Amino acid sequence: MTISLEIDEGLFRTYVFYTAVLVLKVLAMAPLTAKQRFRKMIFANPEDAKMNSKSKVKYDDPDIERVRRAHLNDLENIPFFIIVCFGYLLTNPDLHIATNLIRLFVASRIIHTIVYAVIVIPQPARGLSWFIGYGTTLYMALQVILSFV
């Protein structure tokens with residue numbers, strides 16, 4: 001059996017560009033967490049708290065934990081999207097639909113972080129943004145399964 005792996009160049013460029021955006025988005029969460037820690041002078045390690053006599057070690061600050069949970073949520077969702085999206089590109093999808101699904105996922109993850117950790121907005125904003133990204137990934141995964149059965 002021979003498998004031909006052909007991906008539209010424009011669609012692949014879209015995938016690579018938005019994958020890089022997602023990587024930068026995940027990487028930006030660490031400085032966002034650090035910003036909260038330094039703003040409140042609360043650290044998770046005693047050696048970090050020794051930098052300033054006003055610092056303290058605490059593991060349950062609500063503002064810091066909110067950013068950490070948003071980061072964890074990224075780590076639970078973005079890698080799976082990147083993997084399944086590549087598989088989706090191999091299904092010869094409609095270019096318009098595929099491009100917009102990629103953009104939709106990226107937008108949903110950025111919005112999720114904003115409403116969860118930057119400018120906290122009450123539910124259902126966070127839930128809706130999460131569900132849009134989750135639904136996009138689920139749709140792509142199902143298309144991959146159906147195409148490669």
Side-chain angles (χ1 to χ4, degrees), residues 7-91 93-147:
I7 301 172
D8 178 83
E9 181 182 345
L11 183 56
F12 187 71
R13 292 173 67 85
T14 298
Y15 167 77
V16 171
F17 173 81
Y18 283 107
T19 295
V21 169
L22 289 170
V23 167
L24 290 175
K25 187 244 169 293
V26 172
L27 291 175
M29 296 304 291
L32 189 58
T33 303
K35 178 183 172 188
Q36 286 287 13
R37 289 193 181 284
F38 280 99
R39 182 176 71 83
K40 299 187 106 178
M41 297 309 290
I42 296 173
F43 300 94
N45 300 302
E47 63 272 17
D48 298 335
K50 289 180 182 177
M51 294 185 299
N52 185 315
S53 61
K54 295 179 183 179
S55 299
K56 57 185 170 187
V57 174
K58 188 176 175 185
Y59 304 106
D60 61 351
D61 180 81
D63 297 326
I64 295 168
E65 288 306 308
R66 179 173 283 278
V67 176
R68 285 175 29 90
R69 287 190 308 270
H71 192 181
L72 180 59
N73 194 279
D74 279 348
L75 295 173
E76 293 169 346
N77 289 275
I78 290 174
F80 293 108
F81 171 80
I82 291 171
I83 293 166
V84 82
C85 185
F86 183 76
Y88 179 67
L89 297 181
L90 298 175
T91 68
D94 177 272
L95 299 180
H96 181 72
I97 292 172
T99 298
N100 285 311
L101 285 173
I102 293 168
R103 289 175 179 160
L104 182 65
F105 180 86
V106 173
S108 75
R109 293 310 307 174
I110 291 169
I111 291 167
H112 181 269
T113 295
I114 291 169
V115 302
Y116 196 0
V118 179
I119 304 168
V120 179
I121 297 176
Q123 288 286 27
R126 186 178 82 238
L128 288 172
S129 61
W130 174 85
F131 184 76
I132 289 168
Y134 183 82
T136 302
T137 304
L138 184 63
Y139 172 81
M140 287 181 172
L142 291 172
Q143 292 304 308
V144 170
I145 289 169
L146 293 173
S147 293

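These figures come from a predicted structure and were not determined experimentally.
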task: Taking the side chain as every heavy atom from C-beta outward, state whether R126 and H112 have any atom pair closer than 4.5 Å.
output: yes

task: Could you tell me which residues satisfy side chain to side chain donor-acceptor pair (under 3.5 Å) with R37, sequence neighbours excluded, listed by chain and number?
output: none

task: Could you pull out all residues at least two apart from A125 that satisfy side-chain contact (heavy atoms from CB on, under 4.5 Å)?
output: V115, I121

Residue pair I102, L11: steps toward the side-chain contact (heavy atoms from CB on, under 4.5 Å) verdict: CA-CA 10 Å; I102 293 168; L11 183 56; 4.2 Å; yes

task: Applying salt bridge (Lys or Arg N to Asp or Glu O under 4.0 Å), name anything that partners D63, two or more places apart in sequence or on another chain.
output: R39, K40

field: Working for side-chain contact (heavy atoms from CB on, under 4.5 Å), residues L32 and Q36
entry: CA-CA 7 Å; L32 189 58; Q36 286 287 13; 5.6 Å; no

statement: K25 meets the side-chain contact (heavy atoms from CB on, under 4.5 Å) criterion, sequence neighbours left out, with M29, D74, I78, R109, I110, T113

query: Atom CG in D8, atom CG in D94: separation rounded to 0.5 Å?
result: 10.5 Å

Residue pairs involving residues 35-71 (criterion ring-ring contact (aromatic ring centres under 6.0 Å, His included); sequence neighbours excluded): F38-F43

message: Restricting to side-chain contact (heavy atoms from CB on, under 4.5 Å), what partner residues turn up for E76, sequence neighbours left out?
response: L72, N73

- request: List for me each residue that meets side-chain contact (heavy atoms from CB on, under 4.5 Å) alongside I7, sequence neighbours excluded, and say none if there are none.
  value: F12, F86, L89, L90

task: Can you measure from CZ (R68) to OG1 (T33) and round to the nearest 0.5 angstrom?
output: 7.5 Å

message: Going by side chain to side chain donor-acceptor pair (under 3.5 Å), name the residues that satisfy it together with R69, two or more places apart in sequence or in a different chain.
response: Y116

- line: Between V144 and G87, the two heavy atoms sitting closest are CG2-C, 3.4 Å

Which donor-acceptor pairs under 3.5 Å do the side chains of residues 131-140 make with protein atoms, sequence neighbours left out?
{"residue": "T136", "atom": "OG1", "partner": "I132", "partner atom": "O", "Å": "2.8"}
{"residue": "T137", "atom": "OG1", "partner": "G133", "partner atom": "O", "Å": "3.1"}

task: Not counting sequence neighbours, which residues clear side chain to side chain donor-acceptor pair (under 3.5 Å) with N100? List them please.
output: H96

Residues 14-24, side-chain donor-acceptor partners within the protein, below 3.5 Å, at least two apart:
{"residue": "T14", "atom": "OG1", "partner": "G10", "partner atom": "O", "Å": "3.0"}
{"residue": "Y15", "atom": "OH", "partner": "I82", "partner atom": "O", "Å": "2.9"}
{"residue": "T19", "atom": "OG1", "partner": "Y15", "partner atom": "O", "Å": "2.7"}

task: Count the heavy atoms of every other residue, nucleotide or ligand shown that sit under 6.0 Å from CD of E47, and state whether that count exceeds 12.
output: yes

task: Just jot down the ring pair (Phe, Tyr, Trp, His ring centres under 6.0 Å) partners of F80, sequence neighbours excluded, or say none.
output: none

- prompt: Under 3.5 Å, side chain of Q123 to main-chain N/O of G127, donor-acceptor pair present?
  reply: yes

